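Since the model is a prediction, treat every value here as computed from it, not as a measurement.
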Amino acid sequence: MTGRTARWGAVLGVAVLWWWAALRLALAPDAGALEGVVAAGGWGLSLLPVHCMPKERAAGAVATGRWRRAWRAGSAPE
């Protein structure tokens, strides 16, 4: 239970820090590079894939080399 509480506390702290930076960047005329870096870093983290798994276990995954084979088949001399 303590680990779960610490994780949620860290998540909440980082979220508050990001919102502070984003609002300060948008509303304060003297916002600087620190706020920009924190806001851009938080936005960049949101682009990371959350649901990752090995390609072999992924439903509907394209087989390795499929595009290479299709490219070679399409460029064969007629």
List the atom pairs, with distances to 0.1 Å, where a side-chain N or O of residues 7-20 and a protein N or O form a donor-acceptor pair under 3.5 Å, not counting sequence neighbours.
| from | atom 1 | to | atom 2 | distance (Å) |
| --- | --- | --- | --- | --- |
| Trp18 | NE1 | Ala39 | O | 3.0 |

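- In this structure, Leu23 and Glu35 have side chains that are not in contact, with every pair of non-hydrogen atoms separated by 4.5 Å or more.
- Nearest heavy atom pair, residue Leu25 against residue Gly32, reads CD1-O, 4.2 Å.
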